[in-house]
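Computed from a prediction, not measured in an experiment: that's the story for all the values here.
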Amino acid sequence: MEHGKKYEFGDITWYPSKHTAVYRYDSRVPMDTPGDGINDFLGFQSNEILISKSVRASEKLFESTKSVNGECTLADTTLWYKKQIGNGLKNNGQIFTGYPVVGRQGKMQTSGSCLYSPKTRIDASCAWDPRIKGLFFYESTAIFTATKFGDFIKDVKKLRDLKPENFCGIDHYNGFLIRYIKASKAYLGQSEDSIVVDFNYYRADEASTPRLNQDVMEEVEQVAFFKYGARPHWAKNRNLAFLKVQSKYLNFNKFIAVKKQLDPENMLSSEWSDEILFGKEGVGSDGCALEGLCICSEDRHCSPSKGYFCKPGLVYSEARVCRYSPSSSNL
């Protein structure tokens with residue numbers, strides 16, 4: 001909270017498996033301060049297609065062989081590289097030479113250079129471009145009231161301390177990105193100062209394919225949204241994060257009233273958007289928990305044929321997660 005209030009654009013990136021937190025000190029300076037820096041965030045840079053494919057191939061190999069050590073090596077390499085290049089900050093618009101990096105607001109608080117890469121570079125693309133079969137991942141974003149955020153972090157630490165390497169998959173992407181935001185008067189905005197937590201993690205090509213340590217990600221997800229009542233980011237998250245979302249916003253009914261007034265025929269709505277807006281749980285079909293379409297209550301909601309069964313959480317006992325437990329298949 002102190003960091004967020006002191007630095008207008010500051011944030012913290014927490015890498016649980018490495019017991020490391022990176023603080024970003026980001027402040028306004030006088031207009032005549034020299035500098036031509038930009039924030040060319042690593043994740044939004046154009047990458048050589050071969051590199052994106054290679055990283056994805058490594059992820060799939062580690063997943064299929066259940067190699068936690070492989071994921072941790074990938075996380076170590078990524079963190080080392082991010083440190084060398086300032087996570088994409090560039091002092092003169094070209095390279096990172098060290099801190100501080102000074103630049104114009106529009107170039108320091110936005111990023112996305114892969115959208116503007118030359119058309120002649122047919123060997124490069126955004127890393128997540130589906131045409132190249134590059135990175136494919138989930139993004140969960142939870143918004144906490146300030147009073148509950150600390151307890152969430154403590155629970156994640158308890159889960160981490162049981163087996164730190166199980167968090168390498170999250171740390172390989174970007175760890176937990178933590179930001180402070182001020183209250184908003186918007187109907188579906190935050191009614192009080194809040195803390196936003198983002199984390200990304202591997203998503204399989206096929207919806208029926210379970211993921212390595214997916215029970216850890218699912219427990220973190222349920223701790224956030226159900227134990228501590230975090231509000232989901234409307235443009236991110238898996239379906240389960242929106243369960244009972246209407247109860248988390250005091251002005252939800254006012255928003256629905258305005259929506260009906262402006263769009264009485266529901267031209268701008270769909271079955272999918274209604275599932276999100278009204279927090280409808282999906283039908284409990286086989287494997288539904290793998291993609292976050294439901295919270296498992298039966299083994300068939302996971303993937304028992306591949307050794308994944310519905311189990312209680314390790315720290316949050318009310319959570320229900322799909323855990324790899326090959327011995328259960330013999331019962």
Side-chain angles (χ1 to χ4, degrees), residues 1-7 10-25 68 71-72 75-76 79 138-183 190-202 211-233 236-238 240-245 247-248 289 292 295-296 310-323:
M1 292 295 292
E2 293 176 3
H3 181 73
K5 289 180 177 179
K6 185 176 181 180
Y7 298 96
D11 58 41
I12 301 171
T13 304
W14 179 37
Y15 301 98
S17 72
K18 307 305 171 190
H19 298 262
T20 299
V22 179
Y23 286 70
R24 182 167 74 133
Y25 302 93
V68 174
E71 283 197 339
C72 290
D76 287 339
L79 265 61
Y138 295 108
E139 181 167 9
S140 292
T141 302
I143 306 171
F144 296 85
T145 57
T147 55
K148 295 183 178 180
F149 170 70
D151 289 331
F152 165 74
I153 290 294
K154 290 175 182 176
D155 275 1
V156 175
K157 283 185 175 181
K158 290 177 184 177
L159 187 58
R160 183 272 313 273
D161 291 344
L162 294 176
K163 198 172 184 181
E165 57 267 32
N166 285 350
F167 280 83
C168 286
I170 291 178
D171 288 352
H172 152 54
Y173 275 93
N174 198 39
F176 288 86
L177 178 61
I178 303 168
R179 292 170 287 123
Y180 169 85
I181 61 172
K182 294 183 178 180
Q190 312 313 315
S191 58
E192 57 185 299
D193 291 359
S194 304
I195 309 296
V196 182
V197 180
D198 292 89
F199 62 101
N200 300 350
Y201 44 104
Y202 177 89
R211 292 163 286 116
L212 179 62
N213 296 323
Q214 80 167 57
D215 61 306
V216 173
M217 286 63 160
E218 289 176 352
E219 186 165 352
V220 171
E221 201 174 26
Q222 292 179 44
V223 166
F225 295 114
F226 306 133
K227 183 175 181 179
Y228 294 113
R231 297 175 295 279
H233 187 298
K236 303 176 184 179
N237 292 299
R238 308 193 308 166
L240 70 87
F242 296 92
L243 295 178
K244 300 180 180 179
V245 70
S247 65
K248 298 180 179 180
I295 298 174
C296 73
C310 189
K311 301 288 185 180
L314 297 175
V315 170
Y316 178 39
S317 60
E318 293 182 30
R320 291 297 178 269
V321 299
C322 294
R323 181 173 300 121

(request) Going by the side chain to side chain contact (heavy atoms under 4.5 Å, CB included) test, name the single residue among T141, V245, T145 that passes it with R231. (result) T145
4.5 Å side-chain heavy-atom contact, [X] and [Y]:
{"X": "I181", "Y": "I143", "value": "yes"}
{"X": "L159", "Y": "Y316", "value": "no"}
{"X": "R160", "Y": "W14", "value": "yes"}
{"X": "R211", "Y": "E218", "value": "yes"}
{"X": "L314", "Y": "L162", "value": "yes"}
{"X": "E139", "Y": "D198", "value": "yes"}
{"X": "V216", "Y": "I170", "value": "no"}
{"X": "Y7", "Y": "R24", "value": "no"}

Got a second to check how far [X]'s [atom1] is from [Y]'s [atom2], nearest 0.5 Å?
{"X": "E221", "Y": "L240", "atom1": "CD", "atom2": "CG", "result": "4.0 Å"}
{"X": "R320", "Y": "F226", "atom1": "CZ", "atom2": "CZ", "result": "13.0 Å"}
{"X": "I295", "Y": "C310", "atom1": "CD1", "atom2": "SG", "result": "9.5 Å"}
{"X": "D161", "Y": "K163", "atom1": "CG", "atom2": "NZ", "result": "14.0 Å"}
{"X": "H172", "Y": "L79", "atom1": "NE2", "atom2": "CG", "result": "10.5 Å"}
{"X": "Y25", "Y": "K6", "atom1": "OH", "atom2": "NZ", "result": "8.0 Å"}

(request) Please lay out, stage by stage, how I195 and F152 fare under the test side-chain contact (heavy atoms from CB on, under 4.5 Å). (result) CA-CA 11 Å; I195 309 296; F152 165 74; over 6 Å; no
Nearest heavy atoms of [X] and [Y], plus distance in Å:
{"X": "F225", "Y": "A241", "result": "CE1-CB, 3.5 Å"}
{"X": "P16", "Y": "D171", "result": "CD-OD1, 2.9 Å"}
{"X": "S194", "Y": "Q190", "result": "OG-CB, 3.7 Å"}
{"X": "K18", "Y": "A75", "result": "CE-CB, 4.4 Å"}

(request) Could you walk me through whether Y228 and D151 pass the side-chain contact (heavy atoms from CB on, under 4.5 Å) test, one step at a time? (result) CA-CA 8 Å; Y228 294 113; D151 289 331; 3.5 Å; yes
(request) Step through the shown structure and confirm whether more than 12 heavy atoms of other residues, nucleotides or ligands are within 6.0 Å of CD on E318. (result) no
(request) Could you tell me whether K236 atom NZ has more than 12 heavy atoms of other residues or ligands within 6.0 Å of it? (result) yes
(request) I would like to know whether V315 and E219 meet side-chain contact (heavy atoms from CB on, under 4.5 Å); could you show each step before the answer? (result) CA-CA 8 Å; V315 170; E219 186 165 352; 3.5 Å; yes
(message) Evaluate D155 against K227 for salt bridge (Lys or Arg N to Asp or Glu O under 4.0 Å), listing each step before the verdict.
(response) CA-CA 10 Å; D155 275 1; K227 183 175 181 179; 2.7 Å; yes
(request) Carefully, step by step, assess Y202 and L212 under the rule side-chain contact (heavy atoms from CB on, under 4.5 Å). (result) CA-CA 9 Å; Y202 177 89; L212 179 62; over 6 Å; no
(request) Say whether, by atom type as modelled, one donor and one acceptor occur between the side chain of N237 and the main chain of P232 under 3.5 angstrom. (result) no
(message) So does P312 get a backbone contact from the side chain of R323, meaning a donor-acceptor N/O pair under 3.5 Å?
(response) yes
(request) Taking the two cysteines C296 and C322, decide whether their SG atoms are closer than 2.5 angstrom. (result) no
(message) List the residues meeting ring pair (Phe, Tyr, Trp, His ring centres under 6.0 Å) with F199, not counting sequence neighbours, and say none if there are none.
(response) F176, Y201
(message) Under the rule for side-chain contact (heavy atoms from CB on, under 4.5 Å), what residues qualify as partners of I12, not counting sequence neighbours?
(response) H3, A21, Y23, I178
